[in-house]
Amino acid sequence: MSKYPHKKVERKWQDVWERRRTYETDLLNAQKPFYNLMMFPYPSAEGLHVGNVYAFTGSDIFGRFKRMQGYDVFEPIGLDGFGIHSENHALNIGEHPIRVAARTQKNFYTQLKKIGNGYNWDAKLETYDPEYYKWTQWIFLQMYKHGLAYRKEADVNWCPKCLTVLADEQVISGECERCGTKVVVKKLKQWFFRITKYTDQLLEGLDNIDWSETVKVAQRNWIGRSEGTVIDFPVKDSWERITVFTTRPDTLFGATYIVLSPKHALLTDNKLQITNEKEVEDYINKSKGKIVEERTQKAKEKTGVELKGVKAVNPINSAEIPIWVADYVLGDVGTGAIMAVPAHDERDWEFAVTYGLPIKMVISATGDNAPKQKMSKENMRCYTGEGVLINSGRFDGISSQRARLEITESVGGKMEKRFHLRDWLISRQRYWGPPIPVLYCKRCYSSGGEEGVDYTEKDGEHYAIIPIPEEDLPVKLPYIEEFRPTGTDKAPLANVAGFYKSECPKCGGEAIRETDVSDTFLDSVWYYIGYLIFRNQKSEIWHPKNGWSGGSTLFRKWLPVRMYIGGAEHAVLHLLYTRFLSYAFYDLGLVHFKEPFTVFRAHGLLISEGAKISKSRGNIINPDQYIEVYGADTLRMYLMFLGPFESGGDFRDTGIRGIARFLDRVWQLYKCVSNANSAGAGDRLEKIVHKTIRKVTNDITHLRYNTAIAALMIFLNDMERENTILQDTYATFLQLLAPFAPHMCEELWEMLGHNESIHHSSWPAFDEEKLKEETFQMAIQINGKLRDVVTVPVGVSESEATKIAFSSKKANKYLEGRKYQRVIFVPGRLMNIVI
RNA sequence: GGGCAUGUGGCGGAAUUGGUUUACGCGCACGACUCAAAAUCGUGUCCCGAAAGGGAUGUGGGUUCGAAUCCCACCAUGCCCACCA
């Protein structure tokens with residue numbers, strides 16, 4: 001047989017699979033549904049990179065395995081093509097996003113087909129398809145109608161390069177997640193989703209889902225639960241009081257001053273009647289313009305201004321302490337005000353040192369935390385740990401922990417849980433997204449007072465918010481030539497009169513449309529449901545005016561997703577938002593489950609030559625060239641062989657030859673296959689067959705593809721040592737290899753005379769009985785060191801094993817006739833003589 | 001600064017979860033085939049040592065008959081988050 005002709009074989013089967021609809025699933029009549037989902041990609045200019053191939057292949061192997069185990073596998077694919085990412089790319093190359101999308105879509109699907117994954121192409125979707133985003137808009141309306149979407153003015157993150165607001169989750173270390181530009185704060189009216197209503201549920205739900213632990217931890221951290229106390233500090237000679245939140249009420253005696261955030265409500269209209277109003281106002285204005293990064297930079301010196309002519313009173317000891325305003329205190333964390341305890345908080349320490357404010361130690365470190373030398377003024381440092389109270393009046397000597405409760409109680413404080421998670425800002429002042437489906441009507445505002453209608457202010461005028469009626473969806477994104485961001489806080493659509501001028505569906509009067517579009521992550525919160533809807537979109541039941549009522553049978557059969565595979569970088573973006581929406585859908589009676597993904601596994605990161613794959617490093621790897629030279633099967637297997645799927649791998653193309661060699665040997669072995677089908681007694685390969693079935697089955701189940709492939713290599717090595725191979729043995733081998741190398745195995749399977757696809761054959765079963773060995777290699781150790789290895793019968797007794805061990809020449813050399821203290825016998829494994 | 005990982009040959013990585021360290025593959029060396037090369041096949045390949053033997057899982061300690069695996073400290077690398085009161 002000549003060399004394996006990968007091009008011919010792969011093209012042949014890709015065509016046949018498509019023609020025979022090998023991987024399409026009858027969603028309504030499936031008996032054993034298994035929804036195998038992979039995160040759909042953002043399309044980019046270069047098309048698929050090898051990292052995508054890595055992720056998709058790992059997911060596809062699992063799906064193929066489940067299919068062979070008898071499940072009806074639903075494995076859909078689509079494109080997450082709406083959003084800033086795609087639009088920025090279009091801007092970069094100076095082409096309209098609609099045209100870019102059309103081109104990349106074609107390219108992507110062609111590439112995806114060449115990898116040979118078993119997708120349900122019938123169900124494919126693109127988020128920029130109006131048939132898709134009419135549902136994205138419908139979801140917005142459901143959220144709005146149930147009070148989960150609202151419009152409010154807030155300090156928001158603004159990216160000066162992308163010229164749009166960003167969600168908190170999209171700001172990384174003060175920089176825009178997409179373009180790396182430093183983010184500034186702006187006060188704008190924006191649309192939010194009320195994710196904070198689900199804080200507790202989202203946190204608790206994590207305990208009951210089978211997800212990669214790293215992602216759960218990331219979500220817990222992002223939700224950021226902290227327990228503390230809310231304490232009121234009265235303002236001297238005033239009715240006002242300053243409420244602070246602290247996790248360390250035990251340090252209350254050490255509070256030597258109060259700090260208000262520049263955004264604190266008490267600072268407006270000089271409510272505190274301070275004497276240096278002008279100075280404070282200047283400071284507030286200055287801090288407003290600061291970019292987020294400048295303010296959060298740890299090294300950055302802290303600044304602030306004292307509020308003159310006013311003092312706060314520490315409720316525990318009636319000490320009068322100064323009040324400051326400083327932008328190291330954030331307006332949207334806690335209560336926007338803190339009690340500063342410089343002796344026990346690093347930020348307060350830094351600030352107190354800068355401005356010469358008093359520092360009072362109230363916690364003394366104990367035990368292991370205790371300082372080696374006695375603290376003096378000179379070597380004094382801030383201590384943030386726990387300890388015993390000092391300088392705290394009647395609380396002296398008690399532990400931090402106890403003091404938290406007792407001090408809280410004695411000042412009438414309230415224990416409270418606080419969370420870092422804040423509502424999700426979903427409006428974007430961009431073009432390439434689904435228009436938010438609401439109208440603003442002036443006349444409905446004037447007629448006023450109607451129940452269930454919200455009012456808002458826009459450009460200084462008052463309007464009623466009128467949701468677009470469901471039957472009018474989608475609100476189509478119009479094609480406009482001038483799609484560039486405007487540079488103001490308005491979206492490009494705000495310049496398109498033909499779009500925003502509209503008629504109020506309620507009163508028939510003039511109304512204007514919302515011109516912002518929604519965040520990309522809203523497109524992807526429901527796509528796993530979208531695949532089911534899309535598959536059936538021709539039916540009349542699938543119209544937004546009917547909601548999802550037509551889906552209950554389908555939803556119950558297929559959801560939640562049984563296996564979801566994707567990147568861990570979406571832990572607090574896509575994965576948290578999706579859980580949130582799913583909880584909301586449940587409450588709105590739209591779905592029957594709360595958690596959307598029963599199992600989620602984060603695949604590892606594929607790196608190249610030790611570095612993260614990125615355009616700037618110039619180490620992008622295009623899979624096409626490898627598919628061209630070696631074939632898709634080889635590339636698939638090579639990627640999976642690099643290391644455990646969940647830890648990623650380093651792509652060095654030297655190793656790919658090894659896999660190419662392996663597959664070619666599998667191909668060559670075909671000529672050694674005998675016509676005989678059933679094993680005679682004493683088939684030397686019987687044991688390895690069953691061993692490999694067990695190993696590969698177990699490894700695929702746990703996504704340990706690298707060791708599954710190693711086991712198949714061992715199997716091949718053993719087969720090659722024989723002159724002839726039984727047909728059954730070879731067929732079993734092909735079945736085990738099929739999820740990894742689907743094209744070649746299909747071809748050889750057909751050559752063996754099968755008419756049905758190998759991918760619909762049943763996964764081989766192993767027989768425990770056939771795995772039983774008669775003897776094993778027993779290790780003989782002396783004091784835990786290996787001295788000899790002997791072959792002994794499997795059921796050997798301890799006394800027999802002891803006899804055998806002591807008769808070992810090698811072992812005896814070390815015993816030198818000495819008496820042993822005892823022996824440790826591990827059945828089936830070893831004998832350890834302790835001397 | 002916080003959280004989470006990881007550290008085993010020249011390299012990617014195995015190790016029945018506390019029991020024979022280095023499976024499988026790459027690379028390398030030698031050999032076969034060839035006029036030659038490539039491809040392919042075969043043999044070998046943790047380190048020191050002529051051998052007997054000894055030493056090795058980032059470093060140092062501990063628990064144990066026995067530790068890559070468990071505990072403590074330190075070092076290094078990677079990822080995520082970060083003025084969260």
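Side-chain atoms are counted along with the backbone in the values below, which use heavy atoms only and exclude waters and symmetry mates. None of the values given here were measured: they were computed from a predicted structure.
Between the CD1 atom of A:Ile782 and the C1' atom of B:rG53 there is a distance of 15 Å, rounded to whole Å. Put simply, CD1 on A:Ile172 is 9 Å from C1' on B:rC80, counting in whole angstrom units. Separating the CE atom of A:Met713 from the P atom of B:rG13 is a distance of 15 Å, rounded to the nearest angstrom. Distance A:Arg636 CZ to B:rG25 P: 21 Å, rounded to the nearest Å. Going from atom CZ of A:Phe641 over to atom C1' of B:rG27 covers 14 Å, rounded to whole Å. A:Tyr328 has its OH atom 20 Å from the P atom of B:rA82, to the nearest Å. In this structure, CG of A:Leu642 is placed 12 Å from C1' of B:rC11, rounded to the nearest angstrom. Here the P atom of nucleotide B:rC26 and the CG atom of A:Asp650 are 17 Å apart, to the nearest Å.
Within the 4.0 angstrom heavy-atom criterion, no nucleotide atom of any strand lies near A:Asp348. A:Gln781 comes within 4.0 angstrom of a base, heavy atoms only. When heavy atoms are screened at a 4.0 angstrom cut-off, A:Val572 is found touching no nucleic acid atom at all. Using a 4.0 Å heavy-atom criterion, one finds that A:Ile824 contacts the bases of the nucleic acid, with or without backbone contacts as well.
Nearest-nucleotide mapping onto RNA chain B: of A:Ala218 and A:Gly784, the residue sitting toward the 5' end is A:Gly784. Closest-nucleotide positions on RNA chain B for A:Gly649 and A:Arg422 were compared, and the one nearer the 5' end corresponds to A:Gly649.
Base pairing annotation: B:rG25 forms a Watson-Crick or G-U wobble pair with B:rC11, both donor-acceptor distances under 3.5 Å. Under the Watson-Crick or G-U wobble criterion, with both distances below 3.5 Å, B:rA32 is paired with B:rU40. The partner of B:rC74 is B:rG58, judged by Watson-Crick or G-U wobble contacts that both fall below 3.5 Å. Nucleotide B:rA50 forms a pair with no other nucleotide shown, judged by Watson-Crick or G-U wobble geometry with both contacts under 3.5 Å. In a base pair of the Watson-Crick type (N1 to N3 plus N6-O4 or O6-N4) or a G-U wobble (N1-O2 and O6-N3), with each distance short of 3.5 Å, B:rC79 is matched with B:rG3.
Taking the P atoms as reference points, B:rC11 lies 15 Å from B:rC28, given to the whole Å. The gap from the P atom of B:rG60 to that of B:rU8 amounts to 15 Å, rounded to the nearest Å. Taking atom C1' in both B:rA73 and B:rA85, the straight-line distance is 31 Å, to the nearest Å. A gap of 28 Å separates the P atoms of B:rU43 and B:rG49, to the nearest Å. Between B:rC24 and B:rA15, the distance separating the two C1' atoms is 12 Å to the nearest Å. Using atom P as the reference point in both B:rA68 and B:rG58, the two lie 9 Å apart (nearest Å). Distance check on atom P: B:rU6 versus B:rC72 gives 15 Å, rounded to whole Å.
A donor-acceptor contact closer than 3.5 angstrom links the side chains of A:Arg665 and A:Asn717. Remark: the A:Thr229 side chain and the A:Thr408 side chain contain an N/O donor-acceptor pair separated by less than 3.5 Å. A side-chain donor-acceptor contact under 3.5 Å links A:Tyr283 and A:Thr303.
Considering only the side chain of A:Arg787, B:rG54 comes nearest among B:rG54, B:rA85, B:rU16. The nucleotide whose nearest atom lies closest to any side-chain atom of A:Leu330 is, among B:rG25, B:rU20, B:rA85, B:rA85. Checking B:rC41, B:rC83, B:rA85 against every side-chain atom of A:Lys302, the shortest atom distance belongs to B:rC83. Considering only side-chain atoms of A:Leu786, the nucleotide from B:rC4, B:rU20, B:rC81 that sits closest is B:rU20. Of the candidates B:rU40, B:rA85, B:rA23, B:rA85 carries the atom nearest the A:Ile338 side chain, counting heavy atoms from C-beta on. Each of B:rG55, B:rU20, B:rG25 was ranked by its minimum atom distance to the side chain of A:Asn717; first place goes to B:rG25. Here B:rA85 is the nucleotide among B:rA85, B:rC24, B:rA14 with the atom lying nearest to any side-chain atom of A:Val333.
Dashed line: the shortest gap from a side-chain N or O of A:Arg652 to OP1 or OP2 of B:rG12 is not under 4.0 Å. Put simply, A:Arg661 has a side-chain N or O that comes within less than 4.0 Å of OP1 or OP2 on B:rU40.
Using a 90° window around 0 for the glycosidic torsion, B:rG27 falls outside it and is classed as anti.
Contact record, A:Pro249 with A:Ile407: O-CG2, 3.5 Å, taken as the closest heavy-atom pair.
Between A:Tyr626 and A:Phe651, a ring centre-to-centre spacing shorter than 6.0 Å is recorded.
In this structure, A:His702 contributes its side chain and A:Asn698 its backbone to a donor-acceptor pair below 3.5 Å.
Between A:Tyr257 and A:Trp324, the angle of the ring planes goes over 60°, which puts this pair in the perpendicular group of the 30/60° scheme.
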